[in-house]
Amino acid sequence: MRRLQMMTEEEVKYLVIHCSATRCDRDYTEEMLLRDHLARHFRGIGYHFYIRKDGKKTQHRMLLEVGAHCVPYNRCSIGICYEGGLDEHGKPANTLTKEQEERIADLLINLHQLFPKAKIVGHRDLPGATPKECPCLDTHAVFGWIEEL
Ligand SMILES: [Zn+2]
C-alpha cells in the first residue's frame, strides 16, 4: 500500500481552482467524479474540495494531504474544483452559480487565514500545468480580492 503523502503548512504555496469541465446543464455528482478519478488510479478523488452547482461542498482529502489535481504542483497546493465550466454547447465558460461563488469564497477566506502566503490561482495560471482552459474563468478577477484580506 502506498504511504499517504503529506505537505507541511509552509509548503502550501497555491490554492488552485479547477472546474470539472462538464456542461452546466448536466449533473456531475461526487460519485461520478470518484468513479472517473479511480479510473485514473488516483487514491479517491484528487481534489481537496468539490463544489456542486447548488453550492454543496464536500471534502475529499485532508488539508495537508498531497492531492492529485495539478501536476507538477500537487506537493505545494490545495485543489478546489467546481462542477461545470462548459456552457450548454460544451464551450468553456464561467458557469459558476451564485451558490458556488459564495461557497468557494467562504472556503478561500478560511484557507487564506490558514495559509496566508498561498496564492489563489486557476489551474491554467500555473506555468507548466497542462490544461489550457481550466477553470474556464479569470480566477484573479473573481477571487483575487480574498488575498488582500
Ligand atoms: Zn484543472
Side-chain angles (χ1 to χ4, degrees), residues 2 4-7 11-112 114-115 117-147:
R2 285 178 294 174
L4 207 56
Q5 303 193 346
M6 303 294 287
M7 303 177 277
E11 283 173 327
V12 179
K13 302 275 194 296
Y14 302 102
L15 309 173
V16 187
I17 307 297
H18 298 265
C19 66
S20 62
T22 54
R23 280 170 48 163
C24 61
D25 56 347
R26 304 242 174 104
D27 284 334
Y28 187 62
T29 64
E30 299 90 302
E31 290 76 20
M32 294 157 85
L33 178 60
L34 175 63
R35 176 201 65 198
D36 290 347
H37 279 193
L38 289 176
R40 292 163 71 182
H41 306 290
F42 295 168
R43 181 200 288 274
I45 289 173
Y47 306 112
H48 292 76
F49 297 97
Y50 185 54
I51 320 285
R52 297 290 310 275
K53 286 179 288 190
D54 63 0
K56 180 186 168 200
K57 178 186 77 179
T58 49
Q59 182 168 354
H60 304 281
R61 302 259 168 161
M62 289 180 286
L63 266 194
L64 292 176
E65 185 182 345
V66 172
H69 59 95
C70 192
V71 174
Y73 295 90
N74 284 321
R75 286 164 187 284
C76 59
S77 66
I78 291 173
I80 300 153
C81 179
Y82 76 92
E83 180 186 18
L86 302 179
D87 67 15
E88 299 83 354
H89 308 289
K91 285 223 179 87
N94 178 353
T95 66
L96 273 186
T97 65
K98 191 168 170 288
E99 290 79 7
Q100 280 177 316
E101 187 169 338
E102 286 175 2
R103 188 55 58 94
I104 294 171
D106 284 346
L107 175 59
L108 287 173
I109 288 166
N110 286 333
L111 292 174
H112 176 68
L114 291 169
F115 308 101
K117 281 181 268 178
K119 282 193 150 72
I120 297 170
V121 296
H123 194 178
R124 69 184 181 192
D125 303 327
L126 288 165
T130 357
K132 291 190 183 76
E133 307 281 0
C134 179
C136 303
L137 55 81
D138 181 341
T139 303
H140 184 75
V142 181
F143 297 114
W145 56 276
I146 294 167
E147 282 182 353

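Counting convention: from 1, in listed order, for ligands and their atoms alike.
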| task | Would you sort out whether H37 and Y47 count as a ring-ring contact (aromatic ring centres under 6.0 Å, His included), showing the intermediate values? | result | CA-CA 10 Å; H37 279 193; Y47 306 112; 5.2 Å; yes

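Around the CZ atom of R75, the shell of radius 6.0 Å holds no more than 12 heavy atoms that belong to other residues, nucleotides or ligands.
At least one side-chain heavy atom of P127 sits less than 4.5 Å from a side-chain heavy atom of Y73. Proximity of Y14 to I78: side-chain heavy atoms (C-beta onward) are nowhere separated by under 4.5 Å.
Residue C19: no N/O/S atom is found under 2.8 Å from the Zn ion (ligand 1). Residue C70 does not count as close to the Zn ion (ligand 1), with no N, O or S atom under 2.8 Å.
When rounded to 10 degrees, the angle formed at the Zn ion (ligand 1) by SG (C134) and ND1 (H18) equals 120°.
The Zn ion (ligand 1) lies closest to atom ND1 when only the N/O/S atoms of H123 are considered.
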